[in-house]
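Scroll down for the structure; my scribbles are underneath it.
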Amino acid sequence: MLLADKKALIMGVANKRSIAWGIAQGFRREGAELAFTYQNERLKDNLMELLREVPGGESAPTLPCDVQQDDQVAEVFRALGDRWGKLDVVVHSLAFADREDLNRAFSEISRKGYTLALDISAYSLICCARAAKPLLQASGGGSIMTMTYNAVERVVPSYNVMAVAKAALETGVRYLAAELGPANIRVNAISAGPLKTLAASAVRGISQFRDVVEEKAPLRRNITQEDVGDAAVFLASDLSRAVTGNIIFVDSGFHIMGLTP
Ligand code: NAD
């Protein structure tokens, strides 16, 4: 059991297809104790239904957290402090952009949409890391991880404003890793290949992205939630004790390809 005695907070389960839910399964298998946040009451119902289906799921702490609300972010970590007194792992698996700002031309991204996407998808990692730090320190250190996509170094049609948000997120990973490293807190990102989730449905052409990966990626297959979950287990576990500030690609190797004839 790679995560026995570890306490992990998982942010970003919307439904059973969520990457965060795949990570939760990996963590559960390896013996971690889990807590979850949900964005709103509608998604709370989804989460509770999922938790009812797994042994012991209903005893997991579940807390509201819209990451645009500073008071909700603070309350999550206060409540976990009361309950556990410490924390070992934070999984930040959330993002949002208005559909219009994903679908129109890049040069047409609105100021409002840009600010919104960057606030929810990139700034939130910073405020969650800040709020989590005392609890992670109470464990003698810990692991923070977030989810990115490689529309940062390469242009991916329709990714638009979210590509900029992911660039900011990845930079945030490196700066947080540098700052929090002396406290033995590691910060990394998993750069996942395309998966059909609620968030991904806002990006036009996700099915075609998956066709291209299957045909052209070195491993000639798409990734699964379980693939991401297992990489997340590594990042949460002591096996990755010297790994920080990294972007780990779980994408069947697609990111190494230049031209894909
Ligand atoms: P998802 O829709 O299942 O999860 C997105 C989550 O973001 C939801 O739980 C939603 O509630 C949450 N969220 C949105 N706005 C929020 C807010 N204001 N406050 C709190 N939570 C908020 O989709 P997913 O694909 O599992 O996305 C998880 C992460 O993985 C995202 O960062 C996404 O960009 C990233 N990612 C996804 C893919 C993919 O192809 N699906 C690939 C690489 C990276």
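For clarity, every value in this text was computed on a predicted model and none was experimentally measured. Atoms within each ligand, like the ligands themselves, are counted from 1 in listed order. In what follows, residues are counted from 1 in the order of the sequence shown.
Between the side chain of Asn40 and the backbone N or O of Arg42, at least one donor-acceptor pair lies under 3.5 Å. At least one donor-acceptor pair closer than 3.5 Å links the side chain of Asn184 to the backbone N or O of Gly140. The closest donor-acceptor contact from the side chain of Ser139 to the backbone of Leu87 lies under 3.5 Å.
For the pair Lys16 and Trp21, the NZ or CZ position fails the cation-pi test of under 6.0 Å to the six-membered ring centre and within 45 degrees of the ring normal.
For ligand 1, the protein residues within 4.0 angstrom (heavy atoms only) are Gly12, Val13, Ala14, Ser18, Ile19, Gln39, Leu43, Cys65, Asp66, Val67, Ser93, Leu94, Ala95, Phe96, Ile120, Met147, Thr148, Tyr149, Lys166, Ala192, Gly193, Pro194, Leu195, Thr197, Leu198, Ala199, Ala200.
For the residue pair Arg220 / Ser252, no side-chain donor-acceptor distance below 3.5 Å is found, with atom types taken as modelled.
Between Phe209 and Tyr149, the ring planes lie parallel to each other; the angle is under 30°, not in the 30° to 60° tilted range.
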